[in-house]
Protein chains: 2
Amino acid sequence: MSFNYAILGLLNTKSMTGYDLKKLIQKSSFLYWSGNNNQIYKGLLHLQNKDLVTNEIEHQDGAPSKKIYTITPLGKKELRKWILESPKEPPEFKKDFLIQLACSSDLETDEITTILNQYKESIEMKIIMEQELLRRQEPIPMRNKNVEFIWKMIKKNLISTYENELVWLETVRNGIKN
Amino acid sequence: MSFNYAILGLLNTKSMTGYDLKKLIQKSSFLYWSGNNNQIYKGLLHLQNKDLVTNEIEHQDGAPSKKIYTITPLGKKELRKWILESPKEPPEFKKDFLIQLACSSDLETDEITTILNQYKESIEMKIIMEQELLRRQEPIPMRNKNVEFIWKMIKKNLISTYENELVWLETVRNGIKN
DNA sequence: TCATCCATGTAAAAAGTTACATGATTTT
DNA sequence: AAAATCATGTAACTTTTTACATGGATGA
């Protein structure tokens with residue numbers, strides 16, 4: 001369950017509520033989950049039971065009470081252990097279009113061209129949405145140059161992967177025509 | 001549920017048993033599911049209830065009976081409809097390493113270098129495994145040049161995505177050193 | 001002899017998503 | 001007047017994985 005480590009990692013940068021976590025997860029797409037309540041509030045409960053986080057209740061008038069979660073020293077230790085000692089999994093890809101393309105042997109050439117173009121459009125749309133998400137993020141002050149650089153590269157990663165898919169697509173489109 | 005369409009697509013190339021489907025799915029990694037019994041046998045039942053496939057029982061002595069599944073004309077129609085009319089989803093990525101890297105701000109530079117190297121190794125290993133899987137596949141005779149070309153490109157797709165990840169990684173590694 | 005292959009299926013659990021529920025405040 | 005924001009949580013469902021169960025044949 002890397003989801004719980006993800007929220008532990010977010011709490012390591014800043015104490016916050018489940019609702020704050022939800023918004024962060026929904027905004028950044030490298031955190032690939034939907035950011036639904038169920039996972040977040042269950043995850044926080046689990047982290048609390050393991051003494052990796054604590055919470056402090058802040059009452060507000062005219063607004064629901066907040067539970068502000070904070071990572072514990074044990075939590076920091078566990079997070080560090082996860083980063084350094086857990087296996088670095090290779091990325092996983094779900095490309096349903098490849099399955100559709102693999103089934104396309106009965107189609108006419110122009111039908112294949114059509115679905116290739118549809119895939120191209122859907123990726124281009126996705127890239128635009130990603131870039132829009134990045135533009136809306138407020139810049140966070142970073143401790144040092146390395147941290148800033150890494151953050152920039154993480155933001156670039158997904159877009160780079162989508163753009164690589166476009167390059168591959170272009171090769172397919174050109175190969176079909178000839 | 002693209003899984004059911006995937007098995008429908010496999011049955012479109014050739015009639016076969018659930019066990020055959022299982023092996024095919026486990027071998028080709030662009031079919032990203034585990035290829036477990038539960039999904040396959042339930043999927044086949046579902047396709048059968050919708051009259052998209054039929055089966056013929058073949059008794060064998062000294063071996064368990066086979067149920068050989070065949071796609072129906074209705075199944076072919078439904079598959080074609082899925083390929084042409086369903087939305088072409090952009091690819092989805094799960095990169096837990098990006099989360100680990102995003103949590104790395106408390107680490108020393110040499111610790112970051114270490115986890116970057118671990119990620120590099122895990123991707124390189126994955127590429128080797130992918131290429132080995134491709135080498136073991138017996139070449140299938142193709143109807144025409146286009147189909148053959150598309151098949152070749154599908155095989156190249158995942159490896160291309162892994163290699164793009166290596167390129168990105170190299171940029172990160174170089175940026176950290178300076 | 002012990003493991004793997006063939007071939008079917010079921011059970012149980014984990015992981016993840018959508019929708020429901022509440023209720024005040026602010027924005028459209 | 002309707003919808004969105006804030007803030008918590010639960011319920012129901014789908015999807016996916018792991019493990020269980022059977023049993024003869026074959027291979028190391």
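So you know, we letter chains A, B, ... as the sequences are listed, proteins then strands, and number each from 1.
- C/dG16 atom C1' lies 10 Å from atom CE of A/Met1, rounded to whole Å.
- Below 30°, between 30° and 60°, or above 60°: for B/Trp82 and B/Tyr5 the angle between ring planes is below 30°, a parallel geometry.
- Taking atom CD1 on B/Ile68 and atom C1' on C/dA7, their separation rounds to 12 Å, with Å as the unit.
- A/Ser34 has no side-chain polar atom (N or O) that falls below the 4.0 Å cut-off from OP1 or OP2 of C/dG16.
- B/Gln39 places no side-chain N or O within donor-acceptor distance of the main-chain N or O of B/Asn36, the cut-off being under 3.5 Å.
- Across D/dT8, D/dA12, C/dA12, the shortest atom-to-atom separation from the side chain of A/Asn38 is found for D/dA12.
- Checked against C/dG16, D/dA7, C/dT8, the side chain of B/Asn37 finds its nearest nucleotide in C/dT8.
- The distance between atom CD of B/Gln60 and atom C1' of D/dA25, rounded to the nearest whole Å, is 11 Å.
- Regarding A/Ile40, its CD1 atom lies at a distance of 12 Å from the C1' atom of C/dG16, rounded to whole Å.
- Taking only side-chain nitrogens and oxygens, B/Tyr19 never comes nearer than 4.0 Å to OP1 or OP2 of C/dT8.
- The six-membered or imidazole ring of A/Phe93 lies away from that of B/Phe30, with a centre-to-centre distance of 6.0 Å or more.
- Nucleotide C/dA11 holds its P atom 15 Å from the CG atom of B/Asn36, rounded to whole Å.
- Note: CG (A/Asn4) to P (C/dA15) measures 9 Å, nearest angstrom.
- Residue A/Thr17 places at least one side-chain N or O closer than 4.0 Å to OP1 or OP2 of D/dT8.
- Look at B/Tyr41 and you'll find a side-chain N or O under 4.0 angstrom from OP1 or OP2 of C/dT8.
- Looking at heavy-atom distances under 4.0 Å, A/Lys67 makes contact with sugar-phosphate atoms alone, never a base.
- Here the side chain of A/Asn164 pairs no donor or acceptor atom with the backbone of A/Ser160 at under 3.5 angstrom.
- The side chain of B/Gln39 places an N or O atom within less than 4.0 Å of a non-bridging phosphate oxygen (OP1 or OP2) of D/dT17.
- Nearer the 5' end of DNA chain C, as judged by each residue's closest nucleotide, is the contact made by B/Gly18, out of B/Gly18 and A/Pro64.
- Atom-to-atom, NZ of A/Lys22 to P of C/dT17 comes out at 13 Å; the value is rounded to the nearest Å.
- B/Ser122 places a side-chain N or O within 3.5 Å of a backbone atom of A/Lys88 that can act as its donor or acceptor partner.
- The residue among A/Asp20 and B/Trp33 whose nearest nucleotide of DNA chain D is located toward the 5' end is A/Asp20.
- Atom CD of B/Gln26 and atom P of C/dC5 are 10 Å apart (whole Å).
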